Amino acid sequence: MTKLWGGRFQKSAEAWVDEFGASIGFDQQLVMEDLEGSIAHVTMLGAQEILPVEDVAMILDGLKQLQVKAEAGELEFTVANEDIHLNLEKMLIDLIGPVGGKLHTGRSRNDQVATDMHLFLKKRVAEVIGLIENFQKTLLIQAEQHVETIAPGYTHLQRAQPISFAHHLMAYFWMLERDKQRYQESMKRIDILPLGAGAMAGTTFPIDRLKSAELLGFANVYANSMDAVSDRDFIVEFLSNSSLLIAHLSRFAEEIILWSTDEFKFIELDDAFSTGSSIMPQKKNPDMAELIRGKSGRVFGNLMGLLTVLKGTPLTYNKDMQEDKEGMFDTVHTVLGALKIFDGMVATMTINTKRLHAAVHSDFSNATELADYLATKGMPFREAHEVTGKLVFTCIQRGIYLLDLPLEDMKVESELIEADIYEVLAPEAAVRRRNSLGGTGFEQIKIQLEKAKACLF
Ligand code: ARG
């Protein structure tokens, strides 16, 4: 089989060498984008009278036929034609004859492949943003139902202070909000068209790059043809934004896993998002959450992979850059899947409010209340901390909690403590009174939920 670039060659590479160099195994995922790019390119060539109208009509007709076949999954790609660009060009020529060979006028695979990647990411990033929003809505719905559900809040994974369970869920809402913003802001840089840069120096044909940009719906074109074919920043940025997103999902996954244990039992995952064990009949495993936690590894890896590919490459295009694709496809696939699964998992999980209630009533997470109480009465906070610590110690020795400690025993440490301390120590009061901006107090949560809605609707 002769190569589309075979003129200069005296002999062909062996099949196994071609196999190593080929990208068709994975870049066939760009089939729709490649055809879209070609349609715009040849339309522009026609408008500029670089190609005669009848040639343009034939090429457009051929490309549209290929689109139909691609949608039906009827295209058969071959390693002998190396990549998606040469495969499609060969198919076009087979379909409409030698006139198909005019499509590549004023274009190189270097600006072509970069164009495909920009088109591809534009669509996928929009999808990611949509799924983040769906997940945020789910979090908001769950949070609204659990404003008054008191739960233990942790630092160092030790009981710290009581919180509204809604507050905990909403912490993830805001992480996702920043993730979404990062993707949205990155769109500005994805929305730049490389087409027309040629191999790297531009072209001698009187092309109209702005026309191509308009046809493909790009806001901008690269100002420098060398930069246009060398730039993979927009992919690195996508992989980086995705790394942060999956890091957030992974932390949340870890909490879902902990909360599902018998030790915590704060939530129960729906059967639809859990799996059983092949040997232990009693088991219900949070596999989906574990898998998302685990998949963070490949997403971080894809980021490191591409940075490493790029770091020593001289300008402009180098075959190294073919390695930009699999990591990007993999990250797109992973992130879209993880968001969908997580959304479903959180929407269907049961929150064990009784268990959460019992948890905060059997710990010392109200100790800060006592210290704050004393500080409010004028005792320096450092001293109040010491006094409270001593009372906690007394309780531990007696096997009771602060609310069970009689007033006279409290007064041993400070005369400032009065009977009203018991209302202050109630976990519900501890939450209610944390009314500082962004705090867990019920009033603040309501303000927070309003702010969150404003981000979505
Ligand atoms: N398959 C190639 C890639 O993905 C397309 C660009 C090839 N360009 C070239 N000059 N060999 O990077």
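Numbers here are sequence positions counted from 1. The structure presented is a predicted model; accordingly, all values stated were derived computationally and were not measured. Counting starts at 1 for both ligands and their atoms, in listed order. Values below: every heavy atom of this structure, side chains too, minus hydrogens, waters and symmetry copies.
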For ligand 1, run through the N/O pairs with the protein that fall under 3.5 Å and put one pair on each line.
residue: ligand 1; atom: 1 (N); partner: Ser23; partner atom: OG; Å: 3.1
residue: ligand 1; atom: 1 (N); partner: Asp83; partner atom: OD2; Å: 3.0
residue: ligand 1; atom: 1 (N); partner: Gln322; partner atom: OE1; Å: 2.9
residue: ligand 1; atom: 4 (O); partner: Lys325; partner atom: NZ; Å: 2.6
residue: ligand 1; atom: 8 (N); partner: Asn110; partner atom: OD1; Å: 3.0
residue: ligand 1; atom: 10 (N); partner: Asn110; partner atom: OD1; Å: 3.0
residue: ligand 1; atom: 12 (O); partner: Tyr317; partner atom: OH; Å: 2.3

So does Met200 have more than 12 non-hydrogen atoms from other groups sitting under 6.0 Å from CE? no

Salt bridge (charged side-chain N to carboxylate O under 4.0 Å, His left out) filter on Glu450, not counting sequence neighbours, yields Lys453

Are Arg124 and Phe120 in a cation-pi contact, defined as NZ or CZ under 6.0 Å from the six-membered ring centre and within 45° of the axis? yes

Which class fits the ring pair Phe266 and Tyr154: parallel under 30°, tilted 30 to 60°, perpendicular over 60°? tilted

Under a plain distance cut-off of 3.5 Å, with no hydrogens placed, do Glu82 and Trp5 share a side-chain donor-acceptor pair? yes

Regarding Lys122 and the six-membered ring of Phe218, is the cationic atom NZ or CZ under 6.0 Å from the ring centre and inside 45° of its axis? yes

